[in-house]
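This report refers to the structure that appears directly beneath it.
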Amino acid sequence: QVQLVESGGGLVQAGGSLRLSCAASGRTFDSYVMGWFRQAPGKEREFVARIRWSGGNTVYADSVKGRFTISRDNAKNTVFLQMNSLKPEDTAVYYCAAGTVATTIPRYYQYWGQGTQVTVSS
């Protein structure tokens, strides 16, 4: 059974940092793309960043480019999202996802975590 478990969310002041983790289990993810998405109240789920498990190629949304960094630890089957210079508009539930297509579109990702809340106060 595939499981993606996020952790690391919380409350932080604007300008601060948080590091999200996504622990993956239940299958081999070598051929998968791992993505981070977020969803704010009343808004659609939006792409944040993705990384190929094999090779490490990364893609970022324009809104987070230069502030967020996605990475992975193959030995620990874990994907990270380092978030710096956080802004109030970054407030959302952040989700980890795994899929076989390198895309920014949520519906192409087959597996999802339960989400972790990130709140940035002004």
Could you tell me whether a side-chain N or O of [X] sits under 3.5 Å from a main-chain N or O of [Y], the two making a donor and an acceptor?
X    : Y   : value
R45  : R38 : no
T104 : F47 : no
Y94  : V48 : no
T116 : G9  : yes
Q39  : A92 : no
Y60  : R50 : no

Heavy-atom closest pair, residues G115 and V93: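 What the structure gives for the nearest pair is CA-CG1, 3.8 Å.
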Once the angle between the rings of F37 and W112 is folded into 0 to 90°, is it parallel (under 30°), tilted (30 to 60°) or perpendicular (over 60°)?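 Geometry flag for W112 against F37: tilted rings.
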Is the number of heavy atoms from other residues, nucleotides or ligands under 6.0 Å of R67 CZ greater than 12?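 Result for CZ/R67: enclosed.
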Pairs where residues 22-31 contributes a residue and the test side-chain hydrogen bond (donor to acceptor under 3.5 Å, both in side chains) is met, not counting sequence neighbours: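 The answer is R27-Y32.
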Pairwise disulfide bond (SG atoms under 2.5 Å apart) hits with a residue in residues 39-110, at least two apart: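 Checked against disulfide bond (SG atoms under 2.5 Å apart) - neighbours excluded - the pairs reaching residues 39-110 are C22-C96.
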Single-linkage hydrophobic cluster, 4.5 Å side-chain cutoff, V120 and V64 together: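 They do share one cluster, since a chain of ILVMFWY contacts under 4.5 Å joins V120 to V64.
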Would you be so kind as to tabulate the donor-acceptor pairs closer than 3.5 Å made by side chains of residues 75-84, with sequence neighbours excluded?
{"residue": "N77", "atom": "ND2", "partner": "A24", "partner atom": "O", "Å": "3.2"}
{"residue": "T78", "atom": "OG1", "partner": "K76", "partner atom": "O", "Å": "2.9"}
{"residue": "Q82", "atom": "NE2", "partner": "N84", "partner atom": "OD1", "Å": "2.9"}
{"residue": "N84", "atom": "OD1", "partner": "S17", "partner atom": "OG", "Å": "2.9"}

Pair D90 + K87, salt bridge at N-O below 4.0 Å: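 Between K87 and D90 there is no salt bridge, as every charged N stays at least 4.0 Å from the carboxylate O atoms.
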